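Model, not experiment: these values are computed from the prediction.
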Amino acid sequence: MSRVMSESDMSSNEGVNHRDYTVKRSKLIGLINWSHVIGTFAPHAFVIALAASVAQLTYNYAWNVSNPVREEFIKVMNDAIAQPAIFTAGVKTSLIVTAVIYYLARMDNPVYLLDFATFEPPSSWKVSHDQIIEMMKRQNCFTEESLAFMKRILGRSGTGQATAWPPGIVQCLEGKPTDNSIEGSRKEAETVITDIVGKALKKAKIHPKEVDILVVNCSLFSPTPSLCAMVISKFGMRSDIQSFNLGGMGCSASLISIDLAKNLLQRRSRGGVALVVSTEVITPNLYHGNERGFLLQNTLFRCGGAAMVLTNKLSYGRSAMYKLLNTVRVQGTGEVDYQCVYETQDKDGQRGVTLSKDIVKVAGKCMEKNLTTLGPYVLPLSEQIPVGVTIAARAICKVLGKCLIKMGWEDAAKKVGLMAPKHYVPDFKRGVDHFCIHAGGRAVIDGIEKNLMLELFHTEPSRAALYNYGNTSSSSIWYELQYIQDTQKSNPLKKGDRIMQVAFGSGFKCTSGVWLKL
């Protein structure tokens, strides 16, 4: 056993002779706390001894002593084997059907959403557009041009006049200095997360110690100890809980967390319970520069959060609210995709998140790939067949055009290119009843509504969430589901309805998930 002399020795053992400090194995055995070992294993030894005693008594009574009950039992079993009158065709069929149903249920291994909760900010956190501009003025760092730009963006943002900002920033309206500290950030995170986790567990009727898996996603605030550790400590969860803290994944992170929890649950042979927490912390992420590419974050993002309780235990199936049908994630791999939403510093060294001018184009391509992957799982054949035919026809035209160019017939190649059919956009309304589109902004919702040919009532939840709460990052799709579930009258939620959630995030990513209302 080598001896650690200092902290530097823990990272480098160069020049150290591992024989400098050795201890005999016999002395190491003497260091063991045997009373603790005996106390730990005594209950197990007691159960084994008790089981062995019961087995011996049962054996002696059943086989070594004349027992009329045993003799009658043997007679019945012999008759059943010789003339199995009780195993009729109906009984056999029932047993086979039961076995098949059990096998299919275990093979499907469905994941259920027991319940979820969203953060309802107190009135002291809510501010109007004019108050937001006043808060920006009191930072004493923005030019008049920047303030005018943020005011124009707010006016076109689709957000309402009572959206939430953290108290560390709102307090500047009372003449106090803005608090962007770590402690102020922790206070915001604790307020939001403890509220939604407590409500979600209560609604799902799950005790904190029943939670097997915990996944927390927060893109721009990743303290030490982690937010997972904070949840485990606040709610007294088990010491063997599997916890994962996801950062830097943007507004698409909630469905990524759901997918991670689903995969972890389905690998547990006896099932389990997972808690997913999605939030974003605004306090440390206010941009204090004047470059327009960074100023958008000061006008779009708001405080919010959501907590979801998932399980794959069949016993919870009857009490669950939703069943998870599919999750799809598409990741852009190009340099343009990577830099589309990028945290960096401006020329004056002010940290912030810049949005590229290519974001609309990148998001469109990413969503197209995502829905192409998701389509076969949710669309009827009447919509899938035209998509397949169009893809095949375009591929044939492309190959034929290349062949004609090689033969020198460029004019004919151009005509073939013009003959290629346009991409067929399937009607997702035929496979999905409700849509939760990430409330990234009014332009995002308008674009998806147009491209997917959605009705106004389909995008109503997204517009309502944007107006009432603003862009709450990864949790926005849960505010929309809350609206569909509790408020919407134009397209009420019914048993058997399918709900599709779509979100976008840095990297660039597009994630989607489809739920079935139970």
Side-chain angles (χ1 to χ4, degrees), residues 132 135-136 139 141-142 146 149-150 153 157 165-166 168-169 178-182 184-186 188-189 192 215-224 226-228 244-257 277-305 329-363 366 438-441 443-444 470-476 503-511:
I132 293 173
M135 289 191 300
M136 298 301 116
Q139 304 306 310
C141 61
F142 298 112
S146 295
F149 175 73
M150 286 189 284
I153 294 297
S157 66
W165 280 70
I169 298 177
T178 299
D179 182 11
N180 298 116
S181 66
I182 291 292
S185 305
R186 282 188 184 276
E188 178 192 346
V192 175
V215 183
V216 178
N217 68 266
C218 182
S219 188
L220 294 175
F221 181 61
S222 184
T224 301
S226 68
L227 297 177
C228 277
F244 303 86
N245 205 96
L246 305 184
M249 307 200 80
C251 303
S252 63
S254 186
L255 287 173
I256 293 174
S257 300
V277 180
S278 299
T279 188
E280 191 56 81
V281 177
I282 307 299
T283 299
N285 294 302
L286 186 66
Y287 171 64
H288 290 85
N290 287 283
E291 291 190 21
R292 288 196 173 186
F294 293 84
L295 288 171
L296 290 173
Q297 74 178 84
N298 289 357
T299 61
L300 290 178
F301 294 101
R302 302 291 189 272
C303 294
R329 169 184 173 181
V330 171
Q331 172 81 49
T333 57
E335 189 67 20
V336 176
D337 302 318
Y338 178 66
Q339 295 187 353
C340 203
V341 181
Y342 200 78
E343 183 180 16
T344 184
Q345 294 174 314
D346 65 11
K347 61 182 180 182
D348 297 322
Q350 295 294 335
R351 183 178 65 86
V353 177
T354 178
L355 303 181
S356 167
K357 294 180 180 179
D358 298 319
I359 188 169
V360 175
K361 181 180 178 181
V362 169
C366 206
H438 168 54
V444 174
N471 181 349
T472 58
S473 189
S474 59
S475 63
S476 69
F504 306 92
S506 56
F508 192 85
K509 295 180 289 294
C510 178
T511 57

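- For the residue pair S181 / D179, a side-chain donor-acceptor distance below 3.5 Å is found, with atom types taken as modelled.
- Side-chain atoms of E188 do not come within 3.5 Å of backbone N or O of G184 as any donor-acceptor pair.
- S356 and Q339 share no donor-acceptor pair across their side chains, judged by distance under 3.5 Å alone.
- Residue N217 comes nearest to S278 through the heavy atom pair OD1-OG, 2.7 Å, listed as atom of the first residue, atom of the second, then distance.
- R302 has its side chain within reach of I132: a pair of non-hydrogen atoms, C-beta onward, lies under 4.5 Å apart.
- Looking at heavy atoms from C-beta onward, T354 lies out of side-chain contact with Q297 at the 4.5 angstrom threshold.
- You'll find the side chain of F508 reaches within 4.5 Å of the side chain of I359, heavy atoms only.
- The distance from atom CZ of R292 to atom CZ of F149, rounded to the nearest 0.5 Å, is 5.0 Å.
- Between F221 and L227, the shortest heavy-atom distance links the atoms O-CD1, 4.1 Å.
- Taking every heavy atom of both residues into account, S219 and G250 meet most closely at OG-N, 3.1 Å.
- Each of S254, S252, S476, S473 was scored for a side chain to side chain donor-acceptor pair (under 3.5 Å) with H438, with one residue passing: S476.
- Between R186 and T283, the closest side-chain pair of non-hydrogen atoms is not below 4.5 Å.
- Taking all atoms of both residues into account, the shortest heavy-atom contact from C366 to V330 is SG-O, 3.6 Å.
- The OG1 atom of T472 sits 12.0 Å away from the CG atom of L300 when rounded to the nearest 0.5 Å.
- Between the E280 side chain and the S474 main chain, no donor and acceptor come within less than 3.5 Å of each other.
- Here CZ of R329 is found 11.0 Å from CG of L255. Values are rounded to the nearest 0.5 Å.
- Considering only heavy atoms from C-beta on, F504 stays 4.5 Å or farther from K509 through its side chain.
- For G304 against V192, the heavy-atom pair with the smallest separation is O-CG1, 3.8 Å.
- One distance of note links CG of D348 with CG of N290; it measures 8.0 Å at 0.5 Å rounding.
- To the nearest 0.5 Å, atom CD1 of residue I256 and atom CG of residue L246 are 7.5 Å apart.
- In this structure the side chain of V353 never reaches within 4.5 angstrom of the side chain of Y287, judged on heavy atoms.
- Put simply, the side chain of I169 reaches to within 4.5 Å of the side chain of L286, judged on heavy atoms.
- Within 6.0 Å of CZ in F244 there are more than 12 heavy atoms belonging to other residues, nucleotides or ligands.
- For the pair M136 and W165, the tightest heavy-atom approach, listed with the atom from each and the gap, is CE-CH2, 3.8 Å.
- A parallel orientation is assigned to the rings of F142 and H288, their planes being inclined by less than 30° (bins at 30° and 60°).
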Derivation and outcome, side chain to side chain contact (heavy atoms under 4.5 Å, CB included), residues F301 and L296: CA-CA 9 Å; F301 294 101; L296 290 173; over 6 Å; no
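- In this structure, OG on S222 lies 5.5 Å from CG on N245, to the nearest 0.5 angstrom.
- Using modelled atom types, no side-chain atom of Q350 and backbone atom of E291 make a donor-acceptor pair closer than 3.5 Å.
- In this structure the side chain of S506 never reaches within 4.5 angstrom of the side chain of M249, judged on heavy atoms.
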